[in-house]
Amino acid sequence: MHKSLSEFISPIKENKSNIMDSIDPTLIENWRKEQNENREKLKHYDTEPWQKHHRMATELRESDISNNNELRYVAGLDISFVKDKDTACVGIFVFDLADNFKCVYKDLKIVTMNQPYVPGFLAYREAPFLLERLDRLKRLKPKYYPHCIFIDGNGLLHGNKFGLACHVGYYSDTPTIGVSKQLFQVFGLEKNQKHKDRIKNELKKAGDFFELRSKIEGDDTLLGYCYRSTDLATNPIYVSIGNKISWDTCLWILRIVIKNCRIPEPIRQADLGTRKFLANLNKNKNNETDDL
DNA sequence: GCGACAG
DNA sequence: ATCTTGTCGC
């Protein structure tokens with residue numbers, strides 16, 4: 001008749017601390033060391049011909065395979081999960097800017113995570129699966145290998161200045177841009193709160209002005225932008241460069257790939273696509289069990 | 001020491 | 001990340 005209070009409280013906190021306790025601290029130290037070493041080798045400037053003049057492909061020309069003089073193929077990479085399990089769907093979607101943003105390549109796969117999510121080390125959980133998809137794309141359809149990749153997570157906007165987007169950009173040697181929906185805890189608590197307050201005020205001040213950029217910097221270096229991409233959008237996104245791209249070019253592409261939604265289209269499609277893939281799997285599974 | 005912490 | 005209904009507005 002009378003349920004006890006404990007039935008309404010899920011032991012999430014307890015699980016969280018257990019997970020953290022089960023992680024080998026020396027492993028984390030090695031990860032941190034690797035991030036600090038690799039970040040020195042990142043190229044936070046334009047390296048590709050198409051970046052120099054901000055040239056975008058506008059017409060279909062099948063002749064110029066491996067044309068690197070124009071931005072044409074842009075990719076979105078993302079991973080969706082099953083409940084609280086380690087089963088996930090990793091997907092890559094490539095879009096053709098010269099053909100009205102048509103999806104010219106997609107590849108989805110069910111994978112099993114073998115590392116936990118540790119704040120600051122998201123790459124060690126997700127990046128291997130993302131890089132695997134990129135390798136496969138390069139092998140099967142090199143023509144569609146993207147000029148630039150959008151990653152669900154931060155790039156430079158990271159405690160060690162080496163977020164997931166940097167990680168993927170570094171190991172794939174491809175231009176990457178990181179986009180997150182929540183401001184990551186890059187600085188100390190109070191400094192982070194100041195950033196949040198300042199951003200809140202600037203958004204308020206800007207009113208309905210649709211494109212608002214607010215710099216997020218630490219130690220005199222630009223780490224990322226808080227960016228309100230759509231008019232009337234309440235929540236901004238947080239953008240940062242990963243590898244082989246400049247801030248200028250990053251913002252240029254960002255405006256191109258944002259359509260009507262807050263989330264840049266490549267990432268949004270990758271998110272929707274991987275979720276749909278999992279949903280269909282569940283549907284098929286249920287149909288089979290229902291028929292039995 | 002505690003708090004906070006992209007996906 | 002994931003679980004979720006309706007609801008308000010263009």
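Here is the naming used below: chain letters follow the sequence lines, and residue numbers restart at 1 for every chain. Keep in mind that this is a model prediction, so the values were computed, not measured. Hydrogens, waters and symmetry mates play no part in the numbers below; they use all other heavy atoms, side chains included.
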Tabulate atom names and distances for all N/O pairs under 3.5 angstrom spanning the protein and nucleotides 2-9 of chain C.
from: C:dT2; atom 1: OP2; to: A:Arg275; atom 2: NH2; distance (Å): 3.3
from: C:dT2; atom 1: O4'; to: A:Lys83; atom 2: O; distance (Å): 3.2

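- Residue A:Tyr73 is tested with A:Tyr145, A:Tyr105, A:Tyr144 for a ring-ring contact (aromatic ring centres under 6.0 Å, His included); the sole match is A:Tyr144.
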_Let's go through A:Tyr170 and A:Lys41 carefully: what are the C-alpha distance in whole Å and the side-chain angles of both, what is the deciding distance for side-chain hydrogen bond (donor to acceptor under 3.5 Å, both in side chains) to 0.1 Å, and is it a yes or a no?_
CA-CA 8 Å; A:Tyr170 177 71; A:Lys41 297 176 234 164; 3.2 Å; yes
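- Within the 4.0 Å cut-off from OP1 or OP2 of B:dA6, at least one side-chain nitrogen or oxygen of A:Tyr117 is found.
- Atom OG1 of A:Thr174 sits about 11.5 Å away from atom CD1 of A:Ile245, to the nearest 0.5 Å.
- B:dG7 atom C1' lies 14 Å from atom CG of A:Leu77, rounded to whole Å.
- Atom-to-atom, OH of A:Tyr124 to P of B:dC5 comes out at 22 Å; the value is rounded to the nearest Å.
- Looking at heavy-atom distances under 4.0 Å, A:Gly159 makes no contact with the nucleic acid at all.
- Between A:Glu126 and A:Leu164, some side-chain heavy-atom pair lies under the 4.5 Å cut-off.
- Side-chain atoms of A:Asn69 and A:His53, non-hydrogen and from C-beta on, never get closer than 4.5 Å to each other.
- Backbone-only contact: A:Lys181 has heavy atoms under 4.0 Å from sugar-phosphate atoms and none from a base.
- Distance CG (A:Leu122) to P (C:dA1): 11 Å, rounded to an integer number of Å.
- Looking at A:Arg39, A:Arg32, A:Glu40 one by one, the single match for side chain to side chain donor-acceptor pair (under 3.5 Å) with A:Asn36 turns out to be A:Arg39.
- Residue A:Phe121 is classed as a base contact, given a heavy-atom separation below 4.0 Å to a base.
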